[in-house]
Amino acid sequence: MEASSSSSSSSLTFTREFGGGPCWVIPGFVKLPGDPFKTKYLSSRFCFATANGGGFRKELKGVGRGDAVIIVDHGSRRNDSNLMLNEFVVMFREKTKYPIVEPAHMELAEPSIKDAFSSCVQQGAQRVIVSPFFLFPGRHWHQDIPSLTAEAAKDHPGVPYVITAPLGLHELLVDVVNDRINYCLSHVAGEEDECSVCAGTGKCRLYN
């Protein structure tokens, strides 16, 4: 194993030769004070990667030509919730300009991770990046998504894949949460319409 670290930037990258076992990195966007292994809030296992056939994994530099992105959420029995992921994927694709971006649900709804992986390969993907649309690294990220992705990749030998970190403690989420709070309070005050999440539910109101 080769390892490199920098306490000033608080980013850590690990690479190792492998033939099937996961390797892990702490992405550069995660800013950790001091020793990243001495915090109870962040896991050191931020990224699973496999060459899907062996080889040496190079440090990732971002989405490039030949890459496809799968954004995977949990999946819901409520179709409206599943459709919101489709809307997010459209937003993501339009903003990033990535040519291949597909939605997937871990369970309960279609398309599955297997379906999305196949769709990416059919569109010419040479590497698949699975991005979990989850807040924190729980069991689904540690076990379920890696297992489902590995199963999907069996149908496409030679196509490597990466499972990225969940959203985690990203500083931009502070702005997202604050924006949502302020908008809902404005709706309660009668200054704004319901947002797209609450529309028609009547749930965004003051309870006594």
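A quick note: this is a predicted structure, and the numbers were derived from the prediction, not measured.
F88 is listed as a side-chain neighbour of I71, based on a closest heavy-atom distance under 4.5 Å. Taking 4.5 Å as the limit, every side-chain heavy atom of P132 sits out of range of all side-chain heavy atoms of H140. Side chains of T96 and V63 form no contact here, defined as non-hydrogen atoms less than 4.5 Å apart.
Listed by chain and residue number, E110, P111, S112 satisfy the side-chain contact (heavy atoms from CB on, under 4.5 Å) test with D115 (two or more places apart in sequence, or in another chain). When the salt bridge (Lys or Arg N to Asp or Glu O under 4.0 Å) test is applied to E87, no partner is found at least two apart in sequence or on another chain. In this view, R77 and L108 satisfy the side-chain contact (heavy atoms from CB on, under 4.5 Å) rule, not counting sequence neighbours. Residues meeting the side-chain hydrogen bond (donor to acceptor under 3.5 Å, both in side chains) test with D193, sequence neighbours left out: none. With sequence neighbours left out, the side-chain hydrogen bond (donor to acceptor under 3.5 Å, both in side chains) criterion links R139 to D144. A search for side-chain hydrogen bond (donor to acceptor under 3.5 Å, both in side chains) contacts involving S131 returns nothing, not counting sequence neighbours. Listed by chain and number, the residues in a side-chain hydrogen bond (donor to acceptor under 3.5 Å, both in side chains) with D155 are K114 (sequence neighbours excluded).
Under a hydrophobic-cluster definition in which Ile, Leu, Val, Met, Phe, Trp and Tyr are linked whenever side-chain heavy atoms come within less than 4.5 Å, directly or via other members, L173 and L169 are assigned to the same cluster. By the criterion of side-chain heavy atoms lying less than 4.5 angstrom apart, applied directly or through intervening Ile, Leu, Val, Met, Phe, Trp or Tyr residues, V89 is not grouped with M91; the two fall into different hydrophobic clusters.
Rounding to the nearest 0.5 angstrom, the gap separating the CG atom in L167 from the CG atom in L135 is 5.5 Å. With rounding to the nearest 0.5 angstrom, the CD1 atom of I113 is 10.5 Å from the OH atom of Y161. Between atom CG of residue L172 and atom NE2 of residue H170 there is a gap of 4.5 Å, rounded to the nearest 0.5 Å.
Annotation: salt bridge (Lys or Arg N to Asp or Glu O under 4.0 Å) contacts involving residues 90-99, sequence neighbours excluded, are absent. Within the structure, the side chain to side chain donor-acceptor pair (under 3.5 Å) test picks out no pair touching residues 172-189 (sequence neighbours left out).
The hydrophobic cluster containing L206 also includes V188, under a criterion of side-chain heavy atoms closer than 4.5 Å among ILVMFWY residues, counted directly or through chains of members. Cluster partners of V177, by chain and number: I181, L185. The rule joins Ile, Leu, Val, Met, Phe, Trp and Tyr whenever side-chain heavy atoms lie under 4.5 Å apart.
Considering every non-hydrogen atom in both P166 and F136, the closest pair reads CG-C, 3.8 Å. Closest approach of I163 and P146 over heavy atoms only: CD1-CA, 3.4 Å. When all heavy atoms are compared, the tightest approach of N82 to S76 is ND2-O, 2.8 Å. Of all heavy-atom pairs between V72 and F134, the closest is O-CE1, 3.5 Å.
Proximity of a side-chain donor or acceptor of W141 to a complementary backbone N or O of T164 within less than 3.5 Å is detected. No donor-acceptor pair under 3.5 Å is formed between the side chain of E194 and the backbone N or O of C204.
The aromatic rings of H156 and F117 sit parallel to each other, their planes meeting at less than 30°, with 60° as the upper class boundary.
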Hey, can you pull the donor-acceptor pairs under 3.5 Å for the side chains in residues 98-106, sequence neighbours left out?
{"from": "E102", "atom 1": "OE2", "to": "Q123", "atom 2": "NE2", "distance (Å)": "2.9"}
{"from": "H105", "atom 1": "ND1", "to": "D73", "atom 2": "OD1", "distance (Å)": "2.6"}

Inset, instruction - Take I145 and V130 through the side-chain contact (heavy atoms from CB on, under 4.5 Å) test and state the conclusion after the steps. - result: CA-CA 9 Å; I145 293 176; V130 179; 4.2 Å; yes
